[in-house]
Amino acid sequence: MMVQCLDGVKHFLSAIVNCCDSEIYKQPWGLENPEVLARETVFSVSEIEALYELFKKISSAVIDDGLINKEEFQLALFKTNKKESLFADRVSFHAPNTGNCLKIADRVFDLFDTKHNGILDFEEFARALSVFHPNAPTEDKIDFSFQLYDLKQQGFIERQEVKQMVVATLAESGMNLSDDVIESIIDKTFEEADTKHDGKIDKEEWRSLVMRHPSLLKNMTLQYLKDITTTFPSFVFHSQVDDA
């Protein structure tokens with residue numbers, strides 16, 4: 001079930017990465033030092049520039065201010081009030097119960113929003129997506145997946161937090177399980193993960209669980225990010241900085 005929870009996050013981000021069209025924009029005023037971000041993430045300079053094309057598409061959906069708010073983030077993932085996907089057929093994820101799925105989208109947004117100001121600038125966007133790059137360190141993926149479940153940001157995962165994520169994942173997949181079955185799933189999860197038997201899963205226990213079950217991290221990788229300059233080829237010809 002935890003794999004399914006992380007799979008939901010992967011679908012969210014896959015939808016975002018696949019959403020941008022082929023329009024060519026002027027050189028972005030919000031991308032002054034792509035080489036700095038390239039040094040501090042797993043992206044190359046050309047990939048950073050291509051990623052910014054995607055960022056501009058999303059950040060101009062509601063207010064063209066060079067920032068992504070929660071509404072724009074959600075519009076990139078879900079259908080609008082007119083029941084039309086913001087990015088037409090390129091969005092591969094569909095949520096049968098948007099009300100519940102938006103809670104997960106909010107959680108992902110909050111993890112992206114490292115400055116905690118309710119908006120995403122390009123630096124936050126690029127650094128967060130870097131975690132999902134195929135070349136990103138495994139430790140970064142473990143840390144992000146742990147934070148996803150650590151809803152209260154206490155440094156450990158409580159039983160109720162796991163239940164909230166499981167229920168939200170079931171809602172988005174259209175599955176209906178009884179509360180008894182859900183409790184059984186959580187029981188088995190804690191039986192294996194909570195090796196200290198203190199009723200919570202800390203970072204060390206989470207890492208051990210992931211190492212025993214690598215499939216838990218398979219959805220923390222988006223292959224699309226490795227081919228982002230192919231997805232947005234205009235930047236191959238418009239890049240102002242050569243890759244090292």
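- In terms of heavy atoms, D113 sits closest to G118 at OD2-N, 2.9 Å.
- No side-chain heavy atom of Q154 sits under 4.5 Å from any side-chain heavy atom of K200.
- Side-chain atoms of D140 never come within 3.5 Å of backbone atoms of V131 as a donor-acceptor pair (strictly under, hydrogens ignored).
- Between the side chain of E205 and the main chain of K196, a donor-acceptor pair closer than 3.5 Å is present.
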- Item | Derivation of the side-chain contact (heavy atoms from CB on, under 4.5 Å) call for F146 and V210 | CA-CA 10 Å; F146 178 81; V210 168; over 6 Å; no

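- Within the model, atoms CZ of F112 and CZ of F73 stand 5.0 Å from one another, a figure rounded to the nearest 0.5 Å.
- Annotation: side chain of I142 is not in contact with side chain of M220 (no heavy-atom distance under 4.5 Å).
- A distance of 12.5 Å separates NZ of K152 from CD1 of I157, quoted to the nearest 0.5 Å.
- Looking at D187, its side chain never comes within 3.5 Å of a backbone N or O of E191 through a donor-acceptor pair.
- Looking at R107 and D150, no side-chain N of the basic residue comes within less than 4.0 Å of a carboxylate O on the acidic one, giving no salt bridge.
- N33 is not listed as a side-chain neighbour of E123, based on a closest heavy-atom distance of 4.5 Å or more.
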- Task: Evaluate the criterion side-chain contact (heavy atoms from CB on, under 4.5 Å) for residue pair V42 and L225; output intermediate values, then yes/no.
- Result: CA-CA 10 Å; V42 298; L225 293 175; over 6 Å; no

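- A 4.5 Å side-chain heavy-atom check between L67 and S59 finds every atom pair outside the cut-off.
- Hydrophobic clustering, with ILVMFWY side chains joined whenever heavy atoms are under 4.5 angstrom apart, groups I186 together with V181.
- Counting all heavy atoms, side chain and backbone alike, S44 lies closest to A38 at C-CB, 3.8 Å.
- A salt bridge links E139 with R207: the closest approach of a Lys/Arg side-chain nitrogen to an acidic carboxylate oxygen falls below 4.0 angstrom.
- Taking the ring centroids of F55 and Y52, they lie under the 6.0 Å cut-off.
- Looking at E72, its side chain does come within 3.5 Å of a backbone N or O of I63 through a donor-acceptor pair.
- By the 30° and 60° cut-offs, the orientation of the rings of F144 relative to F132 is perpendicular.
- Counting only heavy atoms from C-beta outward, the side chains of V166 and L177 never approach each other to under 4.5 Å.
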- Task: Could you check I201 against E192 for side-chain contact (heavy atoms from CB on, under 4.5 Å), going step by step and ending with a plain yes or no?
- Result: CA-CA 10 Å; I201 302 171; E192 179 173 6; over 6 Å; no

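- Atom CD of Q74 is separated from atom CD1 of I58 by 12.5 Å, given to the nearest 0.5 angstrom.
- Taken from CH2 in W206 to CG in L148, the straight-line distance is 8.0 Å, to the nearest 0.5 Å.
- With contacts defined as side-chain heavy-atom distances shorter than 4.5 Å, the pair L37/L51 does not qualify.
- Looking at S130, its side chain never comes within 3.5 Å of a backbone N or O of A126 through a donor-acceptor pair.
- With a 6.0 Å radius and a threshold of 12 heavy atoms from other residues, nucleotides or ligands, N117 has its CG atom above the threshold.
- Taking the six-membered ring for Trp and thresholds of 30 and 60 degrees, H133 and F43 have ring planes more than 60 degrees apart, a perpendicular arrangement.
- At distances below 3.5 Å, not a single donor-acceptor pair connects side-chain atoms of K141 with backbone N or O atoms of L217.
- Contact check for F156 versus D198: no side-chain heavy atoms found under the 4.5 Å cut-off.
- Within the model, atoms CG of D194 and CZ of R159 stand 10.5 Å from one another, a figure rounded to the nearest 0.5 Å.
- Residues F125 and L54 form a side-chain contact, since some pair of their non-hydrogen atoms from C-beta on lies under 4.5 Å apart.
- Residues that satisfy the salt bridge (Lys or Arg N to Asp or Glu O under 4.0 Å) test with D121, not counting sequence neighbours, are K115.
- In this structure, CD on E124 lies 4.0 Å from OG1 on T114, to the nearest 0.5 angstrom.
- The number of heavy-atom neighbours closer than 6.0 Å to NZ of K226, taken from other residues, nucleotides and ligands shown, is 12 or below.
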